[in-house]
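Take a look at the structure set out below.
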Amino acid sequence: MSDLKSALGQAAASAFSALGLDPALGRVTLSDRPDLADFQCNGALAAARTAKRNPREIAAEIAQRLGGSPLVAAVEVAGPGFINLKASSTALSARANALFADPRTGAPMRATPRRVLIDYGGPNVAKEMHVGHLRASIIGESVKRLHRFLGDDTLGDAHFGDWGFQMGLLITACAEADSKVAATLEALNSAPEPSEPEIEAAIALFAAHIHLEDLDRLYPAAAARAKAETDYRDRARRATAELQSGAAGYRLIWRHFAGLTRAALERDFRALGIVFDLWRGESDVNDLIGPMVEELKAKGLAFEDQGALIIRVARNDDKRELPPLIVVSSEGSAMYGTTDLATVLDRKRLYEPDLVIYVVDQRQSDHFEQVFRAAELAGYAAPGQLVHVGFGTMNGVDGKPFKTREGGVLKLRDLIELGLAKSRERLAEAGLGGELDPEAFEATALKVAVAAIKFADLANFRGTSYVFDLDRFSSFEGKTGPYLLYQAVRIKSLLRRAAEDGGSLGPIAVAEPQERELVILLDAFPSAVEEAESKSAPNAIAEHVYRLAQAFARFYAACPVLSARPDERDSRLALAALTLRQMEIALDLLGLEAPERM
RNA sequence: GGCCCCGUAGCUCAACCGGAUAGAGCAUCCGCCUUCUAAGCGGACGGUUGCAGGUUCGAGUCCUGCCGGGGUCGCCA
């Protein structure tokens, strides 16, 4: 099944072909001038140059050939050679009925599915998520859903930051803060082989003494202190090294940290509709690093330079000077890039992905370029198999990364809580407090709040940085998430009433201008999906669903449904049901869900 | 300093391979609830697309230079 735009494009392509011109010129797009036409083709203008002919002349000949198509109600040449097309009502109606019959409402499906792994979110042990994590999480989630929807075999990996110096810091801080914890760690680390009861006792002690709040409190203080005091920093480094070489006590407390944090993180992620298939941690590739480094050395890729082990990744045709990837620092420790390289290897072995997409801050593009090139040199990945999808930063009004008025970071949980409070208030105003039971009320409030937060971000192109404005993230009017949900809810309400009145769905007969506009937008869904996929840009979906919601709102205002005569009513009901289905698919691609009422 | 990204309405952002009159939302102002949810709809106001050149029949989009902002440039992640 082809969308109307493509069908018109094909008709135009064969018209160009018949004139001995490149069929690619027949590309048809939505009209820039909706007052004049539904669609347009600009091919005659481009053709004029190569064919050395008057563009209007070419356009007229194309137009004449297109005029005979049953898809076209009117065709005319305008300006320097634009071909303006008005779709026939029968074509629009037929298209609407075809979309109605299609569970995917026209969306394409990949011919040859691939296995795609999406690396996103990037939460860390003991670091509570703040608004900066929002982009990575929701853009990544949307990119994942998009691939899954297209039929790819998709894996979302949180890529848990559970290893490295930060762990040593935490251990040091916890030991210092609690003498019982310190003693337990000491005893376990020095014991040649701790017994089961000893281990169980330690686990119980950690559980009783170290809570999430302790980590939140201790970690920032420890990090600050390590910067200021070399002695403290060295202690933390020693702890890190001992943990990595397997000290029993450190391993146990580290497990406790990770478990504690992960449970809290998963709660926050779930609230935002984000679910990972994998929680592979940086620790999982720890054992791969040693052999990998040996292999890299044996292959002659890694060699010593200024005391460190490096891989040169610069190329002759590089415009910029790309520094080498440092595999082992001069102090003998593995680096960020080492872990990432080992992760490439790990994923290759476990999942054999055709494509790995890293949804990570744009500022790390050089880092990923280094890692990807090193991975290619080592034979761990083919060119193009690893892709960095970067995103811009969330800035404050000063143009610097966002900070609260107190200078700290805004916790993600606080943002959600803020949105929830506003959402509850608004729902109560609408009188839903009495209609819904408390649980349904809360669930609805969460859907609305999450829609506000996520849409405010996803509506922006991922690559550009933007100014974080709290009001925008908790606004329910205009181009917002709640507006989208609201239109969906109106349709649900309409369909409920219709079911009571015995209305049935379809067939669709397009007549009114608002109906035409709605169907033309419904027809544009495949293009939006393709654009979003090719650019890994969820804002294309966001833009589409917003325009669709607007088109529905206009239709709703202009075209009575339930009070219309039966054939008209059933047509409009089907059109509304179709709109709802496409909206819900698109919302789901963004990670949003419409409630039943709001 | 080298390299990369950005500069669009008062504010926040869009703009499909270079196409017509550069679009939304917010804010401001004016209308619309005896009909399906007004979290809505219609209308008005608002622009030298940072500046200067160039390529082109045609430039927000491509090229050069300049100005302004951000990022990054070997042992943090």
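Protein chains get the first letters and strands the later ones, always in sequence-line order, with residue 1 at the start of each. Bear in mind the structure is a predicted one, so any value in this text is a computation, not a measurement.
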**Prompt:** Under 3.5 Å, is there an N or O donor on one side and an acceptor on the other linking the side chain of A:D32 and the base of B:A15?
**Reply:** no
**Request:** Confirm from the modelled atom types if A:R490 and B:C36 form a donor-acceptor pair under 3.5 Å, side chain to base only.
**Result:** no
**Message:** For a side chain to side chain donor-acceptor pair (under 3.5 Å) check, start with the C-alpha distance between A:Q40 and A:D32, then their side-chain angles and the critical distance, and finish with the verdict.
**Reply:** CA-CA 8 Å; A:Q40 64 182 337; A:D32 289 335; 3.1 Å; yes
Selection from [options] that lies nearest to any side-chain heavy atom of [X]:
X      : options             : result
A:Y466 : B:A38, B:C3, B:C13  : B:C13
A:N42  : B:G19, B:U37, B:G25 : B:G19
A:L36  : B:G25, B:C16, B:A20 : B:A20
A:Y546 : B:G25, B:C41, B:A39 : B:G25
A:L427 : B:C36, B:A14, B:A39 : B:A39
A:N539 : B:A20, B:A14, B:A39 : B:A14

**Asked** Which letters describe nucleotides 65-77 of chain B, given B = protein heavy atom under 4.0 Å from base, S = only from sugar-phosphate, - = neither?
**Response** -----SSS-BBSB
Using the [atom1] atom on both, measure [N] against [M] and round to a whole Å.
N     : M     : atom1 : value
B:U34 : B:C30 : C1'   : 24 Å
B:A22 : B:A14 : C1'   : 10 Å
B:G60 : B:U48 : C1'   : 12 Å
B:U56 : B:C51 : P     : 23 Å
B:G18 : B:U12 : P     : 28 Å
B:U61 : B:G54 : P     : 14 Å
B:C26 : B:A20 : C1'   : 29 Å
B:C5  : B:G43 : C1'   : 39 Å

**Message:** Between A:E543 and A:K479, does any side-chain N to carboxylate O distance fall below 4.0 Å?
**Reply:** yes
**Asked** More 5' along RNA chain B: A:K535 or A:E596, using each one's nearest nucleotide?
**Response** A:K535
**Request:** Starting from the 5' end of RNA chain B, give me the residue, A:K5 or A:V489, whose nearest nucleotide shows up first.
**Result:** A:K5
**Request:** For the residue pair A:W163 and A:L243, establish whether any side-chain heavy-atom pair is separated by less than 4.5 Å.
**Result:** yes
**Request:** Using a 4.5 Å cut-off on heavy atoms from C-beta on, say whether the side chain of A:L296 contacts that of A:L341.
**Result:** yes
Using Watson-Crick or G-U wobble geometry with both distances below 3.5 Å, tell me the partner of [N], or none.
N     : answer
B:G40 : B:C32
B:U72 : B:G2
B:C26 : B:G10
B:G65 : B:C51
B:A20 : none

**Prompt:** Stacking between A:Y483 and the base of B:A39 (centre distance under 5.5 Å, interplanar angle under 30°)?
**Reply:** no
**Prompt:** Are the side chain of A:T339 and the backbone N or O of A:M335 linked by a donor-acceptor pair below 3.5 Å?
**Reply:** yes
**Message:** I'd like to know if the side chain of A:H388 and the backbone of A:V360 have a donor-acceptor N/O pair within less than 3.5 Å.
**Reply:** yes
**Rounded distance in Å - CD (A:E477) to P (B:U37)** = 18 Å
**Request:** Rounded to the nearest angstrom, tell me the gap between atom CZ in A:F555 and atom P in B:G42.
**Result:** 15 Å
Is [X] near enough to [N] that one of its side-chain N or O atoms lies under 4.0 angstrom from OP1 or OP2?
X      : N     : answer
A:T464 : B:A14 : yes
A:R426 : B:A39 : yes
A:R49  : B:U56 : no
A:Q550 : B:G25 : yes
A:R496 : B:U37 : no

Any base atoms under 4.0 Å from [X], or only sugar-phosphate, or nothing? Heavy atoms, all strands.
X      : answer
A:C41  : nothing
A:A498 : nothing
A:A78  : base
A:E543 : sugar-phosphate
A:D457 : nothing
A:V467 : sugar-phosphate

**Request:** For the pair A:H367 and A:Y336, name the ring-plane relationship: parallel under 30°, tilted 30 to 60°, perpendicular over 60°.
**Result:** parallel
**Prompt:** Which class fits the ring pair A:Y546 and A:F455: parallel under 30°, tilted 30 to 60°, perpendicular over 60°?
**Reply:** tilted
**Request:** Before giving the answer on ring-ring contact (aromatic ring centres under 6.0 Å, His included), spell out for A:F552 and A:F555 the whole-Å C-alpha distance, their side-chain angles and the decisive distance to 0.1 Å.
**Result:** CA-CA 5 Å; A:F552 176 78; A:F555 160 77; 5.8 Å; yes
**Item:** Chi-angle category of B:C33 [syn within 90° of 0, anti beyond]
**Value:** syn
**Message:** For B:C17, does the O4'-C1'-N9-C4 or O4'-C1'-N1-C2 angle fall within 90° of 0, making it syn, or is it anti?
**Reply:** syn
**Request:** Measure from NZ or CZ of A:K422 to the centre of the six-membered ring of A:F476 and say whether it is under 6.0 Å with the direction within 45° of the ring axis.
**Result:** yes
